[in-house]
There are 4 protein chains.
Amino acid sequence: MAKRTGEKYQVILEAAVKTFARTGFHRTRIADIAGEAGVADGTVYIYFKNKEDILISLFQNLMNTFVEELKNELLQCQNANEKLERIITYHLTTLANRPDQAKVTQIELRQIDQVINKGISKPLKSYFYLIEEVVEEGKKQGLYRHNLDTRIARKVIFGAIDEVITCWVMSGKAYDLIALRNPVFELLVKGLQ
Amino acid sequence: MAKRTGEKYQVILEAAVKTFARTGFHRTRIADIAGEAGVADGTVYIYFKNKEDILISLFQNLMNTFVEELKNELLQCQNANEKLERIITYHLTTLANRPDQAKVTQIELRQIDQVINKGISKPLKSYFYLIEEVVEEGKKQGLYRHNLDTRIARKVIFGAIDEVITCWVMSGKAYDLIALRNPVFELLVKGLQ
Amino acid sequence: MAKRTGEKYQVILEAAVKTFARTGFHRTRIADIAGEAGVADGTVYIYFKNKEDILISLFQNLMNTFVEELKNELLQCQNANEKLERIITYHLTTLANRPDQAKVTQIELRQIDQVINKGISKPLKSYFYLIEEVVEEGKKQGLYRHNLDTRIARKVIFGAIDEVITCWVMSGKAYDLIALRNPVFELLVKGLQ
Amino acid sequence: MAKRTGEKYQVILEAAVKTFARTGFHRTRIADIAGEAGVADGTVYIYFKNKEDILISLFQNLMNTFVEELKNELLQCQNANEKLERIITYHLTTLANRPDQAKVTQIELRQIDQVINKGISKPLKSYFYLIEEVVEEGKKQGLYRHNLDTRIARKVIFGAIDEVITCWVMSGKAYDLIALRNPVFELLVKGLQ
DNA sequence: GATGAATGAGAGTTCATTCAT
DNA sequence: AATGAATGAACTCTCATTCAT
């Protein structure tokens with residue numbers, strides 16, 4: 001049970017993003033996902049343990065790619081400030097360009113029990129760690145003040161970006177999200193100095 | 001249906017906070033709330049339309065009190081900086097002192113459909129507006145830079161506080177939340193200058 | 001319990017005819033009847049045992065008046081044929097003039113359990129008996145054949161009238177019911193001869 | 001939803017006739033039908049929309065067979081009188097031989113909302129049409145008077161047969177229903193002449 | 001007698017999950 | 001591996017009826 005590879009694995013995952021984004025996690029039935037994926041209901045259970053497992057796998061997949069790509073982006077940066085800007089840009093751009101993913105990440109993902117949040121927090125933590133590394137680097141480079149609490153800085157940074165995106169999703173994506181890149185960066189970087 | 005006053009209305013609301021915090025919104029059955037409140041299942045439906053109505057009413061009640069009290073707090077402040085500090089302090093302190101409310105606000109409340117979020121966004125907006133007023137005031141007082149985008153500033157401020165509290169709740173409230181008041185304030189206020 | 005007199009008894013009964021006719025027996029809630037009657041829910045139970053009791057009492061009231069008035073009508077008739085015509089005319093006219101009563105009698109009344117039909121069959125039987133008396137009289141007067149089975153004749157007569165009215169009610173009362181008086185009479189009287 | 005074929009479809013339908021006849025439509029729970037059919041509660045919903053859908057499907061099935069068979073019977077008849085007799089005989093015989101069907105047709109079927117009667121009236125109309133055809137034929141053959149209103153004649157014929165059967169069912173089937181064939185036929189045919 | 005808030009049993013319906021094919 | 005019919009536990013919500021005031 002829970003075969004995690006194969007062609008249908010991806011097909012189901014993609015059907016799930018679409019369906020969750022359209023219908024919402026709790027209103028989505030396994031049959032909806034199966035239908036969207038063009039497979040039988042039972043087939044879903046060959047690849048996933050249950051509905052929550054789909055949502056978590058979804059997020060883990062997205063997040064792994066997200067962090068991997070972001071790491072590559074950061075290799076091109078010279079210092080913490082550049083890296084912070086790149087993080088903000090990449091985070092905003094990625095979700096601006098993938099509305100279904102944005103909907104699932106910002107809204108649907110929060111609709112599951114605390115217990116199961118463990119499945120979410122692990123891949124999320126690697127992102128958190130990335131941010132914290134940049135903050136540390138900034139402190140070493142003398143760009144950010146020495147007595148800055150790295151943990152709290154990370155929470156403020158992530159909370160700010162996250163809230164900005166959530167507001168955008170809730171607004172029905174009514175404005176240009178990427179345009180918020182600069183003012184958010186400016187606000188955060190000054191706060192860190 | 002949906003009688004919004006009376007002794008039992010409050011009793012059920014209080015039972016709901018407790019039960020949602022303990023069991024989680026989706027795992028909570030109406031029977032659980034009724035049992036906790038010491039009333040019959042049917043009685044719940046005299047006062048509330050359904051389970052979601054309870055959650056929304058809950059939040060509206062909490063939020064109204066929250067904003068009302070916060071407004072009073074702000075009357076005692078001399079300038080925007082003092083007000084911003086008061087907001088952060090009040091927000092952190094309130095949720096630190098009411099663990100059930102914190103759990104419901106930070107976790108359970110996000111577990112309902114986007115559609116129903118309307119019931120949540122209205123009272124939330126009055127809090128957002130309060131923050132934006134303070135930012136505006138700070139700009140007028142020359143404390144914050146003139147080209148600061150008030151909307152974005154508000155999102156960063158709220159997002160930061162919200163994330164800090166969510167992390168604390170997810171950690172099982174393992175540390176002193178109120179202690180984060182100063183570093184968060186410092187970070188934000190510098191960002192606004 | 002089940003006080004069968006008083007001003008409110010009549011008020012509730014009238015409210016019930018209206019409500020049953022409008023909403024249908026099973027979809028009608030006691031609260032609807034109480035509301036229509038302008039009394040409290042509980043008051044209904046001072047005068048009636050339960051919802052079925054209301055429907056039965058309703059029918060008994062209507063039927064008693066119906067039979068009483070019909071008896072008077074028949075006093076003015078010279079022979080069985082005249083009486084039969086009067087029965088048909090009176091039956092059709094009465095229900096044509098009282099749409100709510102027609103709806104309740106032809107449709108709603110049939111929506112209760114066989115067991116409770118006892119409450120209905122008693123007043124109905126006095127109508128049946130009236131018809132049978134007329135058939136017998138016709139036989140004695142040499143108007144109807146001697147070997148006519150009175151019971152069966154009554155069933156055919158009542159069945160014919162009843163079906164004619166039911167069709168009219170189901171059609172949404174789209175045509176003149178009373179106009180069917182003559183052809184129905186003709187058909188039946190010839191059958192009896 | 002509402003798969004209208006398959007082995008279980010028939011099994012559930014047969015269980016429903018039995019259960020409705022025994023317990024009455026409104027007192028019958030889906031669980032009772034499922035139990036009688038030897039399937040799970042949920043299985044019923046694979047084949048039927050809801051309880052009313054079962055009752056209607058039931059009647060449509062019975063009525064289709066009824067009309068089909070009756071049409072075949074009528075092929076063997078020479079004239080309208082023979083056909084009328086065959087109709088009466090067939091109608092009485094069929095229900096006399098299938099007590100459950102009789103109970104459901106005469107009693108339970110009348111216990112549903114007017115709105116839903118639409119599902120009933122369609123198959124019923126094909127029976128009505130059959131009767132009217134015979135009346136027309138009789139008029140053409142000079143057996144029945146020319147000025148006879150076909151519609152009304154049909155109502156009287158159907159009403160008579162229907163009432164005769166209903167009385168028999170209500171009596172607890174205490175006498176020989178088929179024996180009423182001749183007197184009913186005689187009464188009706190004379191009425192038509 | 002009248003009220004109407006409170007009761008709580010009851011049933012329909014959904015849908016995640018299983019498993020024989 | 002894939003299917004999809006069948007399962008049956010779970011849970012919301014309704015509403016007839018009661019009874020303290």
Side-chain angles (χ1 to χ4, degrees), chain A residues 1 3 6-9 12 26-35 37-54, chain B residues 1 3 6-9 12 26-35 37-53, chain C residues 1 3 6-9 12 26-35 37-54, chain D residues 1 3 5-9 12 26-35 37-54:
Chain A
M1 228 170 271
K3 196 174 161 293
E7 182 206 353
K8 303 231 164 156
Y9 180 76
I12 293 167
H26 276 107
R27 280 215 277 258
T28 293
R29 290 156 299 175
I30 293 288
D32 296 332
I33 299 174
V39 302
D41 292 15
T43 306
V44 174
Y45 286 89
I46 298 172
Y47 295 95
F48 299 92
K49 216 172 116 260
N50 52 34
K51 202 164 75 159
E52 277 165 347
D53 185 32
I54 300 177
Chain B
M1 222 173 272
K3 207 168 152 290
E7 182 209 351
K8 303 246 159 137
Y9 179 77
I12 293 168
H26 276 108
R27 281 216 274 260
T28 293
R29 286 157 301 163
I30 293 289
D32 297 333
I33 299 173
V39 301
D41 289 18
T43 305
V44 174
Y45 288 90
I46 298 175
Y47 295 94
F48 300 91
K49 224 174 110 260
N50 52 35
K51 204 165 71 165
E52 276 167 347
D53 187 31
Chain C
M1 227 171 272
K3 196 173 161 294
E7 183 206 352
K8 303 230 164 156
Y9 180 77
I12 293 168
H26 276 107
R27 280 215 277 257
T28 293
R29 290 155 299 175
I30 292 289
D32 296 332
I33 299 174
V39 301
D41 292 16
T43 306
V44 174
Y45 287 88
I46 298 172
Y47 294 95
F48 299 92
K49 217 173 114 259
N50 53 34
K51 203 165 73 162
E52 277 165 347
D53 185 32
I54 301 177
Chain D
M1 224 173 271
K3 207 168 153 288
T5 51
E7 181 208 353
K8 303 245 159 138
Y9 179 76
I12 293 168
H26 276 107
R27 281 216 275 258
T28 293
R29 285 157 300 165
I30 293 289
D32 297 332
I33 299 174
V39 301
D41 290 16
T43 305
V44 174
Y45 288 89
I46 297 174
Y47 295 94
F48 300 92
K49 222 173 111 262
N50 52 36
K51 205 165 72 164
E52 276 166 348
D53 187 32
I54 301 178

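All of these numbers come straight from a predicted model, not from anything done at the bench. Residue numbers begin at 1 in each chain, while the letters A, B, ... track the order of the sequences.
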Proximal nucleotide (of E:dC15, F:dT7, F:dC15) relative to the C:Arg29 side chain: F:dC15

Shortest non-hydrogen contact from C:His26 toward C:Lys51: O-NZ, 3.7 Å

Spacing between B:Ile33 atom CD1 and F:dT12 atom P, to the nearest angstrom: 9 Å

Between E:dC15 (C1') and A:Ile30 (CD1): distance, integer Å: 9 Å

Nearest-angstrom distance from the residue atom NZ of D:Lys51 to P of E:dT13: 9 Å

Distance in angstrom units between D:Glu52 CD and E:dA11 P, rounded: 16 Å

Nucleotide of E:dG4, E:dA2, F:dC13 approaching C:Tyr47 most closely (side-chain heavy atoms): E:dA2

Spacing of A:Arg27 atom CZ relative to F:dT12 atom C1', expressed in whole Å: 16 Å

Watson-Crick or G-U counterpart of F:dA20, or none if no pair lies under 3.5 Å: E:dT3

Verdict with supporting geometry, B:Phe48 and B:Ile30, side chain to side chain contact (heavy atoms under 4.5 Å, CB included): CA-CA 11 Å; B:Phe48 300 91; B:Ile30 293 289; over 6 Å; no

Interatomic distance where CD1 belongs to C:Ile46 and P belongs to F:dT18 [whole Å]: 12 Å

Distance, rounded to the nearest Å, where B:Lys8 contributes NZ and E:dA6 contributes P: 5 Å

Over all atoms of both residues, closest heavy-atom pair of A:Ile12 and A:Thr43: CD1-O, 4.4 Å

Spatial distance of atom OH (D:Tyr9) from atom CD1 (D:Ile54) [nearest 0.5 Å]: 10.0 Å

Whole angstrom value for the distance that separates C1' of E:dA9 from OH of B:Tyr45: 14 Å

Pair partner, F:dA10 [Watson-Crick or wobble, under 3.5 Å]: E:dT13

